[in-house]
Amino acid sequence: MSQDDAFVTVLTTENIGSVDDALMALGNIKTNSRTKERTVPLVLMPQRDGCTPWLKIPEGVYAVISSHGRFIGIWPAGFHWAKPWERASHLVSKQSITFDTPIKACPTSDNVMVEIDVAIVFRIKPDQDAVQKFVYSLGPKRLTQMLTAFGEEGVRIMARKKSYAEIYDLMDTEEFEKHGDSDSDDDEVKRQSRQTGSSTTGAGTSSATNMPVGAVEMSSVAIRSKKAAEKKQDVESDDEFDHHDQLENTKRDMNKRLVAFGVEVSSITITNVRLPDNFAAEMEQATTWSVRNKFADLKQKYDLTVVNDRERQAQLRQKLDEDQEEEKASFQAAQADEKRKNDLIQAQIQQVVAEVEETAKADVREIETTSELRVAELNKKRDITKATIEANTAAAIQKIKAETDAFIARTTAETKLKVAQNRAEVLRLQARAEETAAAKLKAKRQYDQELQRLRVLKNLAGNEQVVLSGDNSSSMLAQLSAARQSAQVLNSSV
């Protein structure tokens, strides 16, 4: 066997420091050249800081949340409030993962041990039950064992149906759903071959002039080679369908067994087949001589086809030149006829244009005259309407002014009458009040009169420049003295 063996994929569960390190940990794929193992983290187990009341779930993982070790649900990506005893116990990758497993010592139908590399693409199904079943019932380690066993079982059955000379037919084989595109490609090649043949045999067509010399030469060779390939494909088609059916059955069987654990296999592909070194050398030498013989046969046929195609090409070119001359003469005659018709049409067009212009000018003049008359009528109606409106407005203004003056005079007279009535009522009420209060205020008026008299006498007594003489001077002094005493008795500030 070749020393360049393929790596074996090992799915693992990794412990990480926090949820924030999840994406970096999932991308940390390790390879060991000594053991030929490629370690792919599938499940992560982060630590929880109990002091923070939240959890941040990154994109690209299913977060399995537990409380005191009990499963409570799958949380989506984003920010979540979380109790201190709630933690993301497992983070499961959402990505589709390629699982590579080389199947060693696969016996062929003639008991030659070969090595076949298989690539299985799978993912964890996106629902809560599937993630829970995978984490708690299967796990990465058991999934690695099951994928290896299922892939090995299907590939060994396929290899047992082939001899070592036919074992390379398994290369790049996928399940049947992705097979069948080659038929449509073959049909397209056939259609292109038929179109190329029709363009080279038709005389007088322009496509022959644009075709390179090599295209005509290669078309016949391509058609013959295609027929030979179709015959070979018919012989090998049954075996190819067997390969694809076998892989499809293997994938279906794997999904039936793994669906209970939330795992879905989407593709199985045989990526490489390795024979023992001595068998590979023998096959390479046989294949080389076979290809050389086929090449010599095809080259001889190609040389013969080139000679025939060159003769045919010369005939086609001569025919094409004759057709071109004939087409050129026909084109010149048709061009002269078209020019004559074009000149006649141009003259007719100019005549029609002149008639249309004269008609348009007459219509414009008629429209202008009618418009001026209509404008004059409208202006006259406008002036009459304006004068009527102004006269009516002036009359209305005079009427409103007269009514306003009358209303003001009437309102003023009524107001003055009301004021006079109010004043008379006030005087009557004052007189009645004075009549009622006259008897009660008599003593007060006498008191005020006496107090005024005493103030006068006080002022006279305090004036040093006043001289009393005559027979009544003694009486005046007595009155002044009595006035002082009365003021003291009455507690006055005289």
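Owing to the predicted nature of the structure, the values given are computational and were not obtained by experimental measurement.
With rounding to the nearest 0.5 Å, the separation of OG1 in Thr305 from CZ in Arg310 is 11.5 Å. Atom CG of residue Asp117 and atom NZ of residue Lys104 lie 9.5 Å apart, to the nearest 0.5 angstrom. From Ile384, atom CD1 reaches atom CD1 of Ile389 across 12.0 Å, with rounding to the nearest 0.5 Å. The distance from atom OG1 of Thr13 to atom CG of Leu44, rounded to the nearest 0.5 Å, is 8.5 Å. For the atom pair CD (Glu357) and CD (Glu355), the distance works out to 11.0 Å, reported to the nearest 0.5 Å. The CD atom of Glu390 lies 10.5 Å from the CG atom of Asn392; values are rounded to the nearest 0.5 Å.
Under the salt bridge (charged side-chain N to carboxylate O under 4.0 Å, His left out) criterion, Asp100 pairs with Arg38, sequence neighbours left out. For Lys299, the side-chain contact (heavy atoms from CB on, under 4.5 Å) partners two or more places apart in sequence, or in a different chain, are Phe295, Asp303. For the side-chain contact (heavy atoms from CB on, under 4.5 Å) test, residues two or more places apart in sequence or in another chain that qualify with Asn32 are Arg34, Thr35.
Nearest heavy atoms, Glu86 versus Leu55: O-CD1, 4.2 Å. Closest non-hydrogen pair, Glu115 versus Pro102, comes out as OE2-CB, 3.7 Å. Listed here is the closest heavy atom pair of Lys251 and Ser267: CD-N, 4.2 Å. Residues Pro58 and Ala22 approach most closely at CG-CB, 4.0 Å, considering heavy atoms. Considering all non-hydrogen atoms of both residues, Leu23 and Glu59 come closest at CD2-O, 3.1 Å. Taking all atoms of both residues into account, the shortest heavy-atom contact from Ile103 to Gly151 is CD1-C, 4.3 Å.
Screening residues 252-267 for salt bridge (charged side-chain N to carboxylate O under 4.0 Å, His left out) gives Arg123-Glu264, Glu248-Arg252, Asp253-Arg257 as the qualifying pairs, with residues at least two apart or on separate chains. Applying the side chain to side chain donor-acceptor pair (under 3.5 Å) test to residues at least two apart or on different chains, none of the pairs has a partner in residues 125-151.
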Run the numbers on Phe261 and Leu143 for side-chain contact (heavy atoms from CB on, under 4.5 Å), then give the verdict. CA-CA 9 Å; Phe261 303 104; Leu143 178 59; over 6 Å; no
Could you walk me through whether Phe150 and Ile120 pass side-chain contact (heavy atoms from CB on, under 4.5 Å), step by step? CA-CA 10 Å; Phe150 293 154; Ile120 303 173; over 6 Å; no
The test is side-chain contact (heavy atoms from CB on, under 4.5 Å); show your working for Leu91 and Val43 and say whether it passes. CA-CA 6 Å; Leu91 299 178; Val43 178; over 6 Å; no
Show your reasoning for whether side-chain contact (heavy atoms from CB on, under 4.5 Å) applies to Thr98 and Thr9. CA-CA 8 Å; Thr98 301; Thr9 300; over 6 Å; no
Compile the donor-acceptor pairs under 3.5 Å between side chains in residues 62-84 and protein atoms, sequence neighbours left out, one pair per line.
unit_1	atom_1	unit_2	atom_2	d
Tyr62	OH	Ile124	O	3.4
His80	NE2	Pro76	O	2.7

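In this structure, Met254 and Ile268 have side chains that are in contact, with non-hydrogen atoms separated by less than 4.5 Å. With contacts defined as side-chain heavy-atom distances shorter than 4.5 Å, the pair Ile270/Ile116 qualifies. Here the side chains of Glu152 and Thr101 are not in contact, with every heavy-atom distance at 4.5 Å or above. Between Glu327 and Phe331 there is no side-chain heavy-atom pair separated by less than 4.5 Å. Side-chain contact check for Ser89 versus Met45: every heavy-atom pair is 4.5 Å or farther apart. Put simply, the side chain of Leu26 reaches to within 4.5 Å of the side chain of Ser93, judged on heavy atoms. Put simply, the side chain of Leu147 reaches to within 4.5 Å of the side chain of Leu258, judged on heavy atoms. Counting heavy atoms from C-beta outward, Thr39 and Ile29 have side chains that stay 4.5 Å or more apart.
Formation of a donor-acceptor pair under 3.5 Å by the Arg382 side chain with backbone atoms of Glu377 is not found in this model. Side chain of Asn255 to backbone of Val265: a donor-acceptor contact under 3.5 angstrom is found. The closest donor-acceptor contact from the side chain of Asn28 to the backbone of Met24 lies at 3.5 Å or more, if one exists at all. The main-chain N or O of Asn293 is never found under 3.5 Å from a side-chain atom of Asp297 such that the two would form a donor-acceptor pair.
Heavy atoms of other residues, nucleotides or ligands lying less than 6.0 angstrom from CD of Gln346 number more than 12. Atom NZ of Lys56 has 12 or fewer heavy atoms from other residues, nucleotides or ligands within 6.0 Å.
A salt bridge links Lys341 with Asp337: the closest approach of a Lys/Arg side-chain nitrogen to an acidic carboxylate oxygen falls below 4.0 angstrom. For Asp309 and Arg312, the salt-bridge test fails: no basic side-chain N is under 4.0 Å from an acidic carboxylate O.
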